[in-house]
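In this text, all values refer to a predicted model and were calculated from it rather than measured experimentally. By convention here, the first residue in the shown sequence is residue 1.
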Amino acid sequence: MQQLTDDEQAILDFEAQQWTHPGAKETAIVEQFGMLAVRYYQVLNALIDRPEALAYAPLLVKRLQRLRDGRARQRSARRLNAYS
């Protein structure tokens with residue numbers, strides 16, 4: 001099994017933080033990781049599918065997977081309703 005890089009661990013640690021102000025997280029993403037929020041979420045979504053991420057932060061990864069899966073179900077339901 002591969003190890004997570006320092007950057008991947010930093011992304012998971014960053015994601016575990018609580019954000020109270022709108023836009024603060026997106027600004028911090030650019031400042032800390034040097035990438036736009038869209039790219040950050042692409043990297044994060046790929047990262048939470050890796051067993052190494054689950055081993056590193058199991059509660060966080062499971063929560064993020066549940067949130068992602070819930071959003072995917074909502075999108076599917078909206079599409080089905082649009083065609084009904």
Where Arg50 and Gln3 come nearest, the two heavy atoms and their spacing:
NH2-O, 3.8 Å
Classify the ring geometry of Phe14 against Tyr40: parallel below 30°, tilted from 30° to 60°, perpendicular beyond 60°.
perpendicular
With rounding to the nearest 0.5 angstrom, report the CG to CG distance, Leu54 to Leu64.
11.0 Å
Close side-chain approach of Leu60 and Arg63, heavy atoms under 4.5 Å:
yes
Nearest non-hydrogen partners of Val61 and Ile48, listed with the distance:
CG1-O, 3.4 Å
Distance in Å, Glu8 CD paired with Leu44 CG, rounded so as to fall on 0.5 Å steps:
11.0 Å
Gln17 versus Trp19: any side-chain heavy-atom pair under 4.5 Å?
yes
Would you mind checking if Asp49 and Arg68 are paired as a salt bridge, meaning a charged N to carboxylate O distance below 4.0 Å?
yes
Looking only at heavy atoms, which two atoms of Phe33 and Ala10 are closest? And how far apart?
CZ-O, 3.8 Å
Calculate, to the nearest 0.5 Å, the distance between atoms OH and CD belonging to Tyr41 and Glu26 respectively.
5.0 Å
Can you tell if the side chain of Leu4 reaches within under 4.5 Å of the side chain of Leu12, non-hydrogen atoms only?
yes
Heavy atoms, side chains only, cut-off 4.5 Å: are Val30 and Met35 in contact?
no
Ion pair check, Lys25 and Glu15, cut-off under 4.0 Å
yes
Between the side chains of Tyr56 and Asp13, does any donor sit under 3.5 Å from an acceptor?
yes
Would you find more than 12 non-hydrogen atoms of other residues, nucleotides or ligands less than 6.0 Å from Leu67 atom CG?
yes
Gln9 side chain vs Asp6 backbone, donor-acceptor pair below 3.5 Å:
no
